[in-house]
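Read the structure below first, then the notes.
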Amino acid sequence: MKKLLALLLALTMCLALAACGGSSDNSAAPAAEETAEAAEPAEAEAAAETAETAEAAELPTIEAGKLIMATNAQFPPYEMIADGEGVAGTGLEGIDVEIAAALAEKVGLELQIDDMEFDSALVAVQHGQADMVLAGLTYTEERDQLMDFSDPYAQGVQVIIVKEDSPIQSADDLANAGLIGTQRGTTGYIYCTGDYGEDHVSAYDNGAAAVQALMNGQVDCVVIDKMPAETFVAENQGLKILETSYVVEDYVLAVGEGNTELQTALNDALNEMKADGSLQAIVDKYITAE
Ligand code: GLN
């Protein structure tokens with residue numbers, strides 16, 4: 001659509017130029033202006049491309065033309081290491097990775113994904129080392145002071161993983177749970193330390209490490225997002241997820257605080273994906289209905 005508009009603009013410019021003998025003062029289409037005179041179909045297409053690239057290059061990112069995403073690729077099915085090349089040659093796959101690739105294409109930027117611990121990803125976007133975080137990231141008011149968010153694109157649920165024979169049977173038992181395992185910097189950690197105190201919570205680098213600690217008997221349960229929890233339970237014998245969930249939350253994409261232009265561009269693109277069903281198609285590819 002944008003391409004078509006730029007093409008039309010270029011053609012209109014061409015006609016206008018022919019009509020008034022070459023003098024032009026069209027400030028509405030500065031990018032198409034220089035090439036408008038030679039608007040043969042092929043060149044007009046090139047002019048339209050230029051207009052599009054020029055617009056993308058104007059988006060305030062760390063490196064012009066690039067969208068650097070920070071994530072933690074140990075969070076299936078949202079982000080994980082791929083067997084092969086992964087999505088768009090990133091070596092990663094998952095719901096967030098596919099969404100990121102589609103968003104990058106829509107806003108005309110080249111996607112680069114930097115894989116790191118979850119808490120480092122939050123720091124990276126605050127310190128201008130990443131343009132965005134897409135990492136099954138939960139909206140919280142506290143985080144909203146430090147970065148800017150998109151509209152929600154998915155729902156997350158904090159659940160409790162225990163060993164099959166555990167005395168912990170519901171969220172009410174967490175108060176007497178002994179030691180709760182969580183991932184550093186996550187809402188699971190924040191809620192559990194808030195509700196039960198730091199002495200009752202151990203923080204691990206990522207979900208896999210927290211689950212390993214549960215297997216080894218170093219913690220009595222793990223509080224973590226539902227989707228990765230299901231993968232971890234499927235991969236490790238003797239674990240189960242309790243029926244009662246702990247907290248329900250919204251997943252959002254984050255950009256640096258005050259980067260309204262990038263926030264708006266990405267949010268518009270995300271909402272387009274919600275409206276045309278492409279977001280749901282990605283979710284359905286990774287999460288099959290129970
Ligand atoms: N949803 C949780 C949070 O935002 C965990 C995210 C993650 O570990 N990738 O804190």
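Just follow the structure's listing: the first ligand is 1, and inside any ligand the first atom is 1.
The R143 neighbourhood of ligand 1 comprises atoms 3 (C), 4 (O), 10 (O), with distances under 4.0 Å to a heavy atom of that residue. Of all the atoms in ligand 1, the ones that sit under 4.0 Å from a non-hydrogen atom of E249 are 1 (N). Interface of Q183 with ligand 1, defined as ligand atoms under 4.0 Å from a residue heavy atom, comprises 8 (O). Of all atoms in ligand 1, listed by their number and element, those nearer than 4.0 Å to a heavy atom of T187 are 2 (C), 3 (C), 10 (O).
Among protein heavy atoms, atom 6 (C) of ligand 1 sits closest to G136 O, 3.3 Å. At the top of the distance list for atom 7 (C) of ligand 1, counting protein heavy atoms only, stands F75 CE1, 3.3 Å.
A distance-only check finds no donor-acceptor pair linking the side chain of S245 to the backbone of V247 [under 3.5 Å].
Residues L266 and L253 form a side-chain contact, since some pair of their non-hydrogen atoms from C-beta on lies under 4.5 Å apart.
In this structure, E117 does not pair ionically with R184, as no charged nitrogen and carboxylate oxygen lie closer than 4.0 Å.
Put simply, no part of E79 is less than 4.0 Å from ligand 1, judged by heavy atoms. D225 counts as a contact of ligand 1, since one of its heavy atoms falls under 4.0 Å from the ligand. Not close to ligand 1: Y189, with no non-hydrogen atom less than 4.0 angstrom away. Residue contact annotation: A135 has a non-hydrogen atom under 4.0 Å from ligand 1.
Two rings, from Y251 and Y139, have their centers 6.0 Å or more apart.
In this structure, CD in E93 is found 5.0 Å from OH in Y286, a value given to the nearest 0.5 Å.
Residues Y189 and L174 do not share a hydrophobic cluster, defined by chaining ILVMFWY side chains whose heavy atoms lie under 4.5 Å apart.
Within a 6.0 Å sphere centred on CD of Q237, heavy atoms belonging to other residues, nucleotides or ligands number 12 at most. Heavy-atom contacts from other residues, nucleotides or ligands closer than 6.0 Å to CG of D83 number 12 or fewer.
Residue-level proximity to ligand 1 for Y251 is carried by the side chain, the only part with a heavy atom below 4.0 angstrom.
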